[in-house]
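Shown next, in structure tokens, is the structure this report addresses.
Treat the numbers as computed from the prediction; the structure is a model and nothing was measured.
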Amino acid sequence: MHNNSVTEFILLGLTQDPEKQKAVFGVFLIFYLMTVLGNFIIMVTIKMSQTLGSPMYLFLFYLSFADACFSTTTAPRLIVDSLSQKKIITYNECMTQVFAAHFFGCMEIFVLILMAFDRYAAICKPLRYTTIMSQHICGILVILAWVGSCIHSSAQIFLALRLPFCGPNVIDHYSCDLQPLMKLACMDTYVINLLVVSNSGAICTVSFIVLLISYIVILYSLRNHSAEGRRKALSTCTSHFNVVVIFFGPCIFIYTRPLITLPIDKMVSVFYTIGTPLINPLIYTLRNSEVKKAMKKLWYYKI
């Protein structure tokens with residue numbers, strides 16, 4: 001099945017310029033540490049706080065978890081590589097990275113959908129909210145998100161393992177993903193590319209459309225609410241909507257087009273693999289008074 005003579009790949013990273021590589025090291029090390037710390041603080045706050053027991057915060061907990069892991073699949077490698085002359089990644093490490101990145105990326109998408117569903121239930125069906133979003137149902141939804149992510153990333157890795165490599169092994173990227181790998185494969189990747197687009201591309205696009213529709217429905221139903229109710233509902237929705245646009249824009253750009261690599265691809269990838277996990281905790285905490293209160297309470301008492 002394979003005529004794999006390639007046991008390792010060479011990553012070109014974000015830049016070849018030694019000076020710029022130092023900048024990459026500094027900037028992304030700070031970004032990564034802030035991402036992990038920010039998401040960790042949110043997770044601890046939600047776990048320890050008595051006031052953040054609602055489904056929204058359960059989902060926010062998993063979003064922060066997915067964010068920290070998603071960033072970890074690419075950022076540490078990028079940071080370490082920026083200091084080394086030869087950025088070598090073994091075939092197995094490469095496949096592991098493909099699986100992990102798609103698993104946590106997909107997890108993030110599903111959790112964002114659950115959060116939108118939660119907002120929809122809270123705003124459009126307030127009287128039945130506690131029944132719709134009971135602890136039991138929330139638990140099932142989270143499990144479904146895990147299972148769905150696992151199915152998606154298994155499909156991706158199945159495609160990646162089918163690719164034969166017989167010579168060129170230089171990946172013009174800072175991490176392993178199917179797009180750059182398909183360029184190196186010594187076979188016609190037309191069908192595999194179609195499958196990637198129909199898998200990753202479809203998940204991104206369909207999820208984005210579902211989320212947009214849910215917001216339109218929420219906004220439409222808000223017209224009957226009081227001004228104060230509208231303001232509160234809008235503030236949670238806006239922060240959520242910002243995250244959705246920041247995450248899905250780049251994601252759709254990368255995964256829903258034919259196999260052409262554009263020079264801007266790496267920057268776009270950086271944006272959603274390293275940028276989004278860093279921005280999420282900021283958006284959710286700075287715009288959410290309950291989380292801010294709970295944090296102050298928790299960390300003041302502890303310290």
Side-chain angles (χ1 to χ4, degrees), residues 1-22 24-25 28 70 72-106 151-204 250-274:
M1 183 180 140
H2 292 280
N3 58 344
N4 257 3
S5 54
V6 172
T7 53
E8 57 184 36
F9 296 102
I10 296 166
L11 295 166
L12 288 185
L14 273 181
T15 169
Q16 302 288 287
D17 179 334
E19 284 310 303
K20 284 187 187 156
Q21 286 195 350
K22 284 179 197 152
V24 166
F25 173 78
F28 288 101
F70 186 44
T72 303
T73 56
T74 52
R77 173 115 228 165
L78 170 64
I79 294 161
V80 172
D81 279 350
S82 65
L83 291 185
S84 47
Q85 283 327 108
K86 258 200 150 177
K87 307 164 178 44
I88 292 172
I89 183 167
T90 65
Y91 180 81
N92 291 349
E93 282 176 335
C94 185
M95 293 301 136
T96 310
Q97 194 175 42
V98 170
F99 182 84
H102 279 274
F103 181 79
F104 292 112
C106 191
I151 293 169
H152 162 72
S153 43
S154 303
Q156 294 295 82
I157 201 73
F158 174 74
L159 294 176
L161 292 170
R162 302 290 300 250
L163 295 172
F165 302 102
C166 51
N169 68 340
V170 176
I171 300 177
D172 184 12
H173 211 288
Y174 60 88
S175 70
C176 280
D177 199 2
L178 276 159
Q179 259 75 357
L181 283 172
M182 281 191 287
K183 293 198 69 143
L184 300 181
C186 36
M187 65 178 275
D188 180 20
T189 54
Y190 180 75
V191 177
I192 290 193
N193 187 46
L194 276 184
L195 292 170
V196 169
V197 168
S198 59
N199 182 342
S200 293
I203 286 184
C204 289
C251 188
I252 291 171
F253 175 79
I254 297 263
Y255 289 110
T256 52
R257 54 166 214 252
L259 191 56
I260 34 173
T261 5
L262 304 172
I264 193 176
D265 282 0
K266 286 192 220 179
M267 287 325 292
V268 174
S269 293
V270 163
F271 199 67
Y272 82 95
T273 54
I274 294 168

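Residues meeting the side-chain contact (heavy atoms from CB on, under 4.5 Å) test with P168, sequence neighbours left out: L184. Residues passing the side-chain hydrogen bond (donor to acceptor under 3.5 Å, both in side chains) test with K20: none are found, sequence neighbours excluded. Checked against side-chain hydrogen bond (donor to acceptor under 3.5 Å, both in side chains), T273 has the following partners two or more places apart in sequence or in another chain: Y174. Applying the side-chain contact (heavy atoms from CB on, under 4.5 Å) criterion to D188, with sequence neighbours excluded, gives Y190. Every residue meeting the side-chain contact (heavy atoms from CB on, under 4.5 Å) condition with V170, not counting sequence neighbours, appears here in chain and number order: I10, L12. Qualifying ring-ring contact (aromatic ring centres under 6.0 Å, His included) partners for H152, counting only residues two or more places apart in sequence or in other chains: H102.
Between Y272 and F70, the ring planes lie tilted relative to each other; the angle falls in the 30° to 60° range.
Between the side chain of T90 and the backbone N or O of E93 there is at least one donor-acceptor pair closer than 3.5 Å. Checking side-chain atoms of K266 against main-chain N and O of G13 turns up a donor-acceptor pair under 3.5 Å. Under the 3.5 Å distance criterion, the side-chain polar atoms of Q97 are left unmatched by any main-chain donor or acceptor of D177. A donor-acceptor pair under 3.5 Å links the side-chain atoms of N169 to the main chain of E8, judged by distance alone.
In this structure, F165 has its ring center under 6.0 Å from that of F9.
Taking CG from L78 and OG from S175, the interatomic distance works out to 8.5 Å, rounded to the nearest 0.5 Å. Interatomic distance, CG of D172 versus NZ of K183, reported as 8.0 Å (0.5 Å rounding). In this structure, NE2 in H173 is found 9.5 Å from OG1 in T74, a value given to the nearest 0.5 Å.
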Give the C-alpha distance, both sets of side-chain angles, the deciding distance and a yes or no for side chain to side chain contact (heavy atoms under 4.5 Å, CB included) between M187 and I192. CA-CA 10 Å; M187 65 178 275; I192 290 193; 4.0 Å; yes
Should I274 and F28 be marked as a side chain to side chain contact (heavy atoms under 4.5 Å, CB included) after you check the CA-CA gap, both sets of side-chain angles, and the distance that decides it? CA-CA 8 Å; I274 294 168; F28 288 101; 3.9 Å; yes
V6/C166 under side chain to side chain contact (heavy atoms under 4.5 Å, CB included): CA gap, chis, key distance, verdict: CA-CA 6 Å; V6 172; C166 51; 6.0 Å; no
Go through the steps to decide whether Y91 and L161 satisfy the test side chain to side chain contact (heavy atoms under 4.5 Å, CB included), and finish with yes or no. CA-CA 10 Å; Y91 180 81; L161 292 170; 3.7 Å; yes
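In this structure the side chain of S154 reaches within 4.5 angstrom of the side chain of F99, judged on heavy atoms. In this structure, the side chains of S82 and L14 stay at 4.5 Å or more apart for every pair of heavy atoms. Proximity of T73 to T96: side-chain heavy atoms (C-beta onward) are nowhere separated by under 4.5 Å. You'll find the side chain of L181 reaches within 4.5 Å of the side chain of C94, heavy atoms only. By the 4.5 Å heavy-atom criterion applied to side chains, Q21 and K87 are counted as neighbours. Residues C106 and I203 form a side-chain contact, since some pair of their non-hydrogen atoms from C-beta on lies under 4.5 Å apart. Contact check for V196 versus M182: side-chain heavy atoms found under the 4.5 Å cut-off.
Just one of I157, L163, I89 meets the side-chain contact (heavy atoms from CB on, under 4.5 Å) condition when paired with M95; it is I157.
N199 and Q156 form a side-chain donor-acceptor contact under 3.5 Å, judged by distance and modelled atom types alone.
Residues I171 and C176 approach most closely at CD1-SG, 3.9 Å, considering heavy atoms.
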